[in-house]
Amino acid sequence: MAAMATDPVRLADLVGRLGGEILGGNVVVSRVATLQNAAPGDIAFVSQLRYRNLIASTRATALILPQSLREATSLPRIICDDPYLYFAEVSRLFSPPEPAVPGIHPSAVVEKGAVVAATAEIGALAYVGRGARIGDGTAIGQGCFIGDHAVVGARGRLHANVTVYHHCTVGNDVIMHSGAVVGADGFGMAPKDGKWLKIPQTGRVIIGNDVEIGANTTIDRGALDDTIIEDGVKLDNQIQIGHNVRIGAHSALAGCVGVAGSAHIGRHCTVGGGAVILGHLELADHVHVSAATLITKSIAKPGTYTGAYPFSEHKQWSRSASTLRHLEDLARQIKDLASPSTTPKIARKTRKSAPVKRAKAASPRKKG
Amino acid sequence: MAAMATDPVRLADLVGRLGGEILGGNVVVSRVATLQNAAPGDIAFVSQLRYRNLIASTRATALILPQSLREATSLPRIICDDPYLYFAEVSRLFSPPEPAVPGIHPSAVVEKGAVVAATAEIGALAYVGRGARIGDGTAIGQGCFIGDHAVVGARGRLHANVTVYHHCTVGNDVIMHSGAVVGADGFGMAPKDGKWLKIPQTGRVIIGNDVEIGANTTIDRGALDDTIIEDGVKLDNQIQIGHNVRIGAHSALAGCVGVAGSAHIGRHCTVGGGAVILGHLELADHVHVSAATLITKSIAKPGTYTGAYPFSEHKQWSRSASTLRHLEDLARQIKDLASPSTTPKIARKTRKSAPVKRAKAASPRKKG
Amino acid sequence: MAAMATDPVRLADLVGRLGGEILGGNVVVSRVATLQNAAPGDIAFVSQLRYRNLIASTRATALILPQSLREATSLPRIICDDPYLYFAEVSRLFSPPEPAVPGIHPSAVVEKGAVVAATAEIGALAYVGRGARIGDGTAIGQGCFIGDHAVVGARGRLHANVTVYHHCTVGNDVIMHSGAVVGADGFGMAPKDGKWLKIPQTGRVIIGNDVEIGANTTIDRGALDDTIIEDGVKLDNQIQIGHNVRIGAHSALAGCVGVAGSAHIGRHCTVGGGAVILGHLELADHVHVSAATLITKSIAKPGTYTGAYPFSEHKQWSRSASTLRHLEDLARQIKDLASPSTTPKIARKTRKSAPVKRAKAASPRKKG
């Protein structure tokens with residue numbers, strides 16, 4: 001239990017701000033919690049019917065419930081249309097973002113010509129380059145690097161050890177987590193006589209307002225034009241965004257996604273964890289890519305797209321994978337079967353496929 | 001050759017500490033090495049029969065061998081049950097972990113109210129926040145960030161540039177490598193009017209004893225409850241652990257694995273490199289997930305699970321992948337063939353599938 | 001538009017240095033740009049015929065074109081064999097790498113016994129360990145960590161917040177981007193009584209000349225022998241290289257690739273984004289691995305290898321994936337059909353496979 005208790009509020013206070021209907025008593029709550037781990041004084045929520053059986057055993061003082069569960073308990077409760085969103089709003093009331101503590105830590109290095117707002121915070125051991133600008137109420141965490149002429153807007157929070165390269169621009173209300181790197185060179189090289197000739201990456205990264213960037217996520221600067229992350233985009237941890245990518249407003253990408261150079265993702269898209277989007281593709285607005293899916297061509301139609309091999313017990317996988325390598329043969333055999341004159345040939349052609357052997361999966365054990 | 005020679009020991013000293021049987025002479029060795037690169041004075045090991053042919057040409061002074069190879073050479077040798085483990089133990093004797101050098105480097109920033117053990121080391125340019133606690137004999141590397149009220153136990157080593165967010169707790173004997181980030185916000189948002197509303201992440205990360213965390217691995221703090229890494233867990237590099245995940249004791253995850261929010265992995269599990277575990281799943285103890293496998297549902301039974309598409313030459317892949325898109329048709333055609341009356345229909349239904357075309361794979365070359 | 005204008009040059013100056021033929025006028029240009037975003041004074045290029053339709057609308061002052069497009073415009077232009085390479089060379093003329101600014105920033109920590117060339121730059125808040133050596137003209141960025149006895153050659157640039165562990169060696173003309181970690185421990189453990197015993201990683205990382213390493217890429221030190229990155233290798237962002245890997249000269253790996261321990265990749269190879277190479281494999285020279293492909297065995301023959309499941313609309317995927325699990329059955333049924341006596345059995349054996357259900361893809365939404 002880590003959430004810290006804040007000033008208690010009555011359910012009526014919540015309903016006054018956020019709407020909804022109170023049933024079972026206008027009690028006082030001081031923290032949000034999960035059904036399973038709630039303690040007295042907590043308010044918990046149920047957004048999905050499959051969790052309704054946990055209601056009976058919760059120790060929560062009050063609940064946030066959908067209309068369909070309004071009579072599922074006699075506990076004090078708020079009935080609303082979208083309990084998950086309601087829970088989010090209540091959480092934000094109880095745990096508002098910490099404001100910046102204005103000032104520049106004496107151990108920080110701020111170069112001449114940098115413009116740091118009086119209300120901004122520059123943490124210990126952070127670096128702000130020449131000509132960089134830090135906006136009102138923004139907190140630059142300990143150990144961050146803000147390159148020359150980079151701009152971070154107002155009310156942002158860069159947690160410790162974030163890197164923003166020179167000339168990149170970050171909008172207002174942006175959160176960046178530790179280890180994020182904005183503006184490293186894109187992977188641009190031309191082959192020359194069997195070697196690779198580096199192409200200078202002279203574009204920038206332009207990040208809009210209300211964007212969140214996860215820990216160790218990397219966003220490369222453009223080669224000539226800019227890489228663009230539009231307003232409201234949410235990037236989870238360890239995402240790689242190549243040069244000249246554009247991500248449309250309010251799209252959300254889960255952890256470990258890779259987006260190759262010059263891909264354009266539309267607005268209101270979602271991309272599941274570990275998916276890879278190849279370069280120079282266009283994804284329309286409202287496209288949803290499932291986890292671990294490789295997108296190899298542009299998608300013009302909104303919808304959900306999937307492409308991961310289903311897992312199974314290893315033995316079963318081995319048999320299927322073996323046959324898979326000769327799928328084309330199977331298809332031909334069926335065609336032949338359908339036209340009787342060729343039947344005799346088929347029997348001869350049937351190839352016996354050995355189970356797929358694979359090297360030992362990457363394991364923690366080094367062989368010797 | 002990088003391993004540094006330490007004080008030489010006799011084979012009898014090793015056998016005295018670690019067991020095993022000496023054959024061929026009680027020689028002195030001063031370093032462990034691989035069979036191929038050993039020099040005089042080194043001890044090498046063979047754990048797998050397939051490497052036995054390298055024995056004849058090794059320059060090692062002594063060998064660690066399994067019973068099955070006891071007569072494979074006349075070199076001085078130690079015979080034991082598990083040469084790989086024996087090698088590990090000998091390596092540890094020759095290269096014990098470097099102890100912390102007690103003291104706080106003058107360039108480090110330690111906030112008021114932080115409690116740093118007298119035997120702990122705080123490296124140059126490191127930061128330790130208010131109320132944080134650093135245990136006996138623990139080394140906090142150069143440039144590390146330890147957030148407010150975070151706790152690191154005894155005998156730990158955080159290499160340079162590790163980030164531990166506020167209120168997270170790390171047990172004893174924990175090793176963390178550079179770029180690791182513990183406690184960044186989980187990826188929790190509620191959709192509201194086509195935008196994403198951030199949900200405060202108020203849980204913590206709780207890390208047990210004897211855990212190792214690889215370079216650039218990220219472990220998110222819980223949304224309300226905590227994210228938990230149990231004792232003895234080993235995480236390789238660039239792993240992403242979502243909020244509210246639990247990883248059971250003595251499980252080992254290879255590089256680039258992603259574990260989505262609220263997934264629970266059992267004890268003594270292994271996960272191969274690049275695998276993805278979706279959220280809200282339960283994996284039993286002793287489950288082994290192969291490399292690059294996507295786990296989409298809970299696994300209740302111990303065993304090995306696999307789900308990666310087998311690779312082949314591109315042309316062959318192209319044909320199989322094309323047919324794969326219409327696998328359902330193939331299955332139907334077979335069914336139809338098996339009941340003769342429908343045969344004529346099939347021939348007509350057979351669809352000619354064009355080879356799958358794919359956009360150029362993410363390549364270092366930017367097109368213009 | 002981010003690229004900064006530099007001293008203008010005439011097309012004849014370019015042709016004098018780089019070859020090619022001028023048509024349409026020897027104009028002055030001062031910047032390279034893309035066709036779409038060029039402004040007057042810019043030179044743009046077309047390397048692929050499919051972009052020829054953009055020529056009519058470009059505002060560029062001059063173009064770089066292949067022979068096949070020599071008459072595609074009346075604009076001033078340079079005709080050459082490889083416009084992409086030509087563009088790269090011109091870009092390098094306009095944007096040469098920034099030289100190091102000799103000197104050690106007063107906030108940097110350089111330990112006794114470190115040898116920093118007089119022409120090298122040590123950025124603010126950087127750390128250089130005992131016995132480390134920094135070569136002529138090399139810039140060590142702000143917040144970098146160079147461990148004890150590590151060596152960085154001449155003319156290198158380590159951007160901010162790079163980590164190089166002790167005893168690792170980096171050649172000349174090497175670029176490393178922020179968050180890169182060189183020399184963390186490999187993932188080496190021996191199982192002992194249900195726990196994992198750490199094996200000391202006493203090898204090094206040896207990086208050749210003219211190598212580029214992307215942001216947040218990690219390269220582990222060897223267990224006993226060294227991990228080796230040969231000359232001219234280019235690594236994109238977020239790549240994981242396990243211990244004792246060898247990557248041959250002039251190979252290029254795209255973002256998010258994982259290479260497991262002791263894999264050897266040949267020279268002049270390319271690996272697409274998100275691919276995974278399992279451990280202890282050998283890839284020949286000139287092997288090309290497509291994006292998101294899992295390589296499970298050694299490859300002795302140059303060529304292109306692919307192994308990703310093709311994506312489709314989710315419903316279609318669901319049907320194919322379901323059938324896939326029973327592919328072996330399908331193959332058997334075809335075989336049975338081909339030998340008429342067994343036909344009756346088949347009909348009975350045909351199994352109805354339910355569509356594959358999958359847990360909700362890793363999504364930004366936490367359920368409650």
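Numbers restart at 1 for each chain; the letters A, B, ... are given by sequence-line order, proteins then strands. This structure is a prediction, so every number in the text was calculated from the model and none was measured.
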Which region of [X], side chain (C-beta onward) or backbone (N, CA, C, O), has a non-hydrogen atom less than 4.5 Å from a non-hydrogen atom of chain A, or is it both or neither?
{"X": "C:S107", "result": "side chain"}
{"X": "C:Q316", "result": "neither"}
{"X": "C:H268", "result": "side chain"}
{"X": "C:I295", "result": "neither"}
{"X": "C:S251", "result": "backbone"}
{"X": "C:L324", "result": "both"}
{"X": "C:N161", "result": "side chain"}
{"X": "C:L253", "result": "backbone"}

Mind checking the [atom1]-[atom2] spacing from [X] to [Y]? Nearest 0.5 Å is all I need.
{"X": "C:L330", "Y": "A:S320", "atom1": "CG", "atom2": "OG", "answer": "9.0 Å"}
{"X": "C:K234", "Y": "A:L197", "atom1": "NZ", "atom2": "CG", "answer": "8.5 Å"}
{"X": "A:I334", "Y": "C:L337", "atom1": "CD1", "atom2": "CG", "answer": "8.5 Å"}
{"X": "C:H177", "Y": "A:Q201", "atom1": "NE2", "atom2": "CD", "answer": "8.5 Å"}

- prompt: Can any side-chain N or O of C:W317 pair as donor or acceptor with the backbone N or O of A:A308 at less than 3.5 Å?
  reply: yes
task: Flag the one option from A:G258, A:G179, A:G194 with the top tally of heavy-atom pairs under 4.5 Å to chain C.
output: A:G194
Nearest non-hydrogen partners of [X] and [Y], listed with the distance:
{"X": "C:A254", "Y": "A:F187", "value": "CA-CE2, 4.1 Å"}
{"X": "C:G273", "Y": "A:V276", "value": "O-CG1, 4.2 Å"}
{"X": "C:A215", "Y": "A:A184", "value": "CB-CB, 3.9 Å"}
{"X": "C:G232", "Y": "A:W196", "value": "O-CD1, 4.1 Å"}

Contacting moiety of [X], where chain C heavy atoms sit under 4.5 Å:
{"X": "A:E111", "result": "side chain"}
{"X": "A:N216", "result": "both"}
{"X": "A:I239", "result": "backbone"}
{"X": "A:A126", "result": "backbone"}
{"X": "A:K195", "result": "both"}
{"X": "A:V162", "result": "backbone"}
{"X": "A:K198", "result": "both"}

Min side-chain heavy-atom separation [X]-[Y] under 4.5 Å:
{"X": "C:F87", "Y": "A:L224", "answer": "yes"}
{"X": "C:F311", "Y": "A:V289", "answer": "no"}
{"X": "C:L327", "Y": "A:L327", "answer": "yes"}
{"X": "C:V32", "Y": "A:T202", "answer": "no"}
{"X": "A:Q240", "Y": "C:D236", "answer": "yes"}

query: Which is it for C:H159 and A:F145 under the side chain to side chain contact (heavy atoms under 4.5 Å, CB included) test, yes or no, and what are the steps along the way?
result: CA-CA 10 Å; C:H159 289 271; A:F145 169 86; over 6 Å; no
task: Show the numbers, then the answer: is there a side chain to side chain contact (heavy atoms under 4.5 Å, CB included) between A:M189 and C:E212?
output: CA-CA 11 Å; A:M189 294 108 62; C:E212 183 161 354; 5.7 Å; no
query: Can a donor-acceptor pair be found between the side chains of C:T34 and A:D225 at a distance below 3.5 Å?
result: yes
statement: The side-chain hydrogen bond (donor to acceptor under 3.5 Å, both in side chains) partner of C:N237 among A:D185, A:D220, A:T217 is A:D220
- line: Answer key: most heavy-atom pairs under 4.5 Å with chain A among C:A88, C:P97, C:G274, C:S178 is C:S178
- request: Could you check which of C:Q36, C:Q238, C:H105, C:E313 has the highest count of heavy-atom pairs closer than 4.5 Å to chain A?
  value: C:Q238
